[in-house]
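The block underneath contains the structure these notes are about, expressed in structure tokens.
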Amino acid sequence: MVRKFAAMHKYLEGLNEQQMAAVLHMDGPLMIVAGAGSGKTKVLTSRIAHLINSGVDAFNILALTFTNKAAAEMKERVEHALGNTEARNLYIGTFHSVFARILRADANKLGYPNNFTIYDTDDAKSIIKETVKSLNLDDKHYKPAYIYNRISAAKNALVGYAAYKQDMQIQQEDSRSNRPLMGDIYEAYAKKCFKNGAMDFDDLLFNMYVLLTHFPDALAKYQGRFRYILIDEYQDTNVAQYAIMKMLAARNENICVVGDDAQSIYSFRGATVQNILQFQNDYEDAAVIKLEQNYRSTRTILEVANSIIGNNKNQIPKNLWTDKTEGDKILLARTATDNDEGRFVADAIKEQMMRNHYANKDFAVLYRTNAQSRSFEESLRRMNIPYKLVGGTSFYQRKEIKDYLAYLRVVVNSQDEENIKRIINYPTRGIGKTTIERIIVRADELNTTFWEVIANPEIDGLRSSQTNAFVTMIQSFRTMLEKQNAYEVAFAVGKHTGLVKELYDDKSVEGVARYENVQELLNSIKEFTETPDEEGELQDKSLGSYLQQITLLTDADQDKEEDANAVKLMTIHAAKGLEFPCVFAVGLEENLFPSAMSMYDRNDLEEERRLFYVAVTRAKERLWITYANSRYRFGSLVQNEPSRFIKEVPASYIDTTYTGIGNKGPIGGNTRGGGLFGEQSFDKVPSLKKLADKLAAPKPSTHTPTADFAADDTTDLQVGMQVEHQKFGFGKVLTLEGGTQNRIAAIDFGTHGVKKIMLNFAKLRIVK
DNA sequence: GAGGTGCCTTTTTTT
DNA sequence: AAGGCACCTC
């Protein structure tokens, strides 16, 4: 039977028994528990291909992925597996983008304009901040970030503001945290967004739920359309997402979820592993298939991963195994500072490329927080190793882009007070703060919108030649909307507002970059309008349609040169679902990883550990774990203990000779505090680059001191200072040790190496 | 109303 | 280290 299928369909080739069962299972609820690297994506794509091949219309299949990128990839792979274009009719996307698309058709049922604006996190926080101020509350105490998270959590649990204010438990929590007016802020914020004709990310889920519960015809329509539903990364879904999917699937119960509780790393976004248990309760006849063979990593890496995750109490038992070879041991490296960590990684990459013939793209550096990227960027740049930063500050978060998009959003949806305020005086046209405030007050008095006050001739007293000019301009763009596509409108906006010219005239380095960014934005809009229509479905090329998508895109999705031969730098969160031959898991320090915020709660700590597990399981062949004794945080140097997770790596799997740490102290047990030890040991094995440098350019035997060289008093010498030595030249103080009478400094003199200098005797000039 | 200066906070992770 | 914001002066 199986063999027959295998002979018939290419997409069934090479599947193991469990994978095959998951692919061939067609009707009824199915849960696939897929361990890391167990061929999950292959199973999902084969399954979709099989459904289509068995006669299911692609139009009736809904697949929800975690990122747009994953969606695009899945579509492509199904297409490839089938060898025809049927896959193009699949409804694949993230929860947010799929729901946004649906709401774009039905938002008016809920009282929103159909081309509602989508607010990103920054937009939302700034509205919250305003709201807090308008309620005369202190935004130092009612911090926008905190409020945003709290509201987000509520919406993701399907708790609206009315329910929020009535919920005893929630009210207690808020009074305990001394924020009794949280509920009022939630209400005011929600009303403001509604009035602006805007939804934040969480509203896309919340309103989708409202739509399906309040409008039976809508529910029936989508239940009829989505007869087969697949959910990827199921462990990262939240209550709202689950409730929606359950409703959509209620008619046919052809719902297939794929997830791994060990990789659940988004609880801060409301995701709950509870959904995995809930699924089995709600669908008692659900088939459950476990994929436990790992095809990705060496046995060493997999064993390490298993033993790390074994420290978690809460988990679904599984036995991830591999028949791969043992592979190399894990390399553990300690460095003195974050900069040294950067240098160490760049050196190791160079060395691996020469020794084992890896390409740039075979490496990934994975960190806990985006802020850690800097030292790696610097060291890679210095060594001319191409790298690509994945994620981080989004293109769409840049000021010039937000300004431009604000114009476009106002043209499409003029209810949006937030974006009007952003642009009404940019470029400056003499409409200041006072005027804006008066308009807001007036709009409140008349219970109308900001736009109505300035656009409606019947409301007198506030319009001026300036506001009139603004209104006329926006209206002229709006008349273009019907006949012209997104690019034509956007181009006109840039031209007539003076936005493009203003940036063009700014010839500073940043100004040029901003101008280029805006050009890039225009290019992306052009590309959007020129992308050919998909078979069967005429694509909407309007500006409204463009804006709908843009907010839900992330940089990772935008990545056109993902195959570019470059080292990838990203957070572990961003690395989910990816794999690399060589992985550096960096910054394994207490307070950083695990994060300081997670240390006092068992669940949070277990999530951090799962995150570490995700990092380790990205590696196919080689894995490095690094940490620094001290690093800069908020501009000042802090000391960190090695992460507790390091101790969870069995010592037998660790290669310590490379860094020289092993025999001199317990793994991860460096309590000496000083950085000398790490620095020295790191220098013992010079990288090939350093070696090459030494051979190529014999160092000058002496340094010619600066003309006015004079030794300074070194009593106040601090780590990090730049000094000049008569013989060794310029250097940087790495560490200081010894008592006040007999201090010894370790100073990095670049080509002259790291020298220990006794400060009592040495003549040093302090450069800065 | 515009523009500049200095102080303050910030970093978890993302749709 | 850097960006945002309040406050200041013109």
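In what follows, chains carry the letters A, B, and so on, assigned in the order in which the sequence lines appear, proteins first and then strands, with residues in each chain numbered from 1.
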For [X], answer base if it contacts any base atom (sugar-phosphate contacts may also be present), sugar-phosphate if it contacts only those atoms, and nothing otherwise; contact means non-hydrogen atoms under 4.0 Å.
X: A:Asn425; result: sugar-phosphate
X: A:Thr434; result: sugar-phosphate
X: A:Thr435; result: sugar-phosphate
X: A:Tyr266; result: sugar-phosphate

If you pin A:Phe66 and A:Asp604 to their nearest nucleotides in DNA chain B, which one's is more 5'? A:Asp604

Between A:His96 and A:Met597, which is nearer to the 5' end of DNA chain B once each is assigned its nearest nucleotide? A:Met597

Tell me every residue that passes side-chain contact (heavy atoms from CB on, under 4.5 Å) with [X], counting only those two or more places apart in sequence or in another chain.
X: A:Glu418; answer: A:Tyr119, A:Ser126, A:Ile127, A:Glu130, A:Asn196, A:Asp416, A:Lys421
X: A:Arg644; answer: A:Glu590, A:Pro594, A:Met599, A:Leu605
X: A:Lys133; answer: A:Lys129, A:Asp139

ring-ring contact (aromatic ring centres under 6.0 Å, His included) against [X], all qualifying residues, sequence neighbours excluded:
X: A:Tyr164; result: A:Tyr186
X: A:Phe206; result: none
X: A:Phe584; result: A:Trp624

For A:Asp505, which residues count as a salt bridge (Lys or Arg N to Asp or Glu O under 4.0 Å) partner, sequence neighbours excluded? A:Lys501

Which atom pairs link the protein and nucleotides 3-9 of chain B when you take only N or O atoms and keep those under 3.5 Å?
none

Taking the six-membered ring where the residue is Trp, are the ring centres of A:Phe226 and A:Tyr91 under 6.0 Å apart? yes

Could you list, one pair per line, each protein nitrogen or oxygen that sits under 3.5 Å from a nitrogen or oxygen of nucleotides 1-8 of chain C, together with the distance?
unit_1 : atom_1 : unit_2   : atom_2 : d
C:dA1  : N6     : A:Phe634 : O      : 3.4
C:dA6  : OP1    : A:Lys133 : NZ     : 2.9

Donor/acceptor link under 3.5 angstrom from A:Thr121 side chain onto base of B:dT15: yes

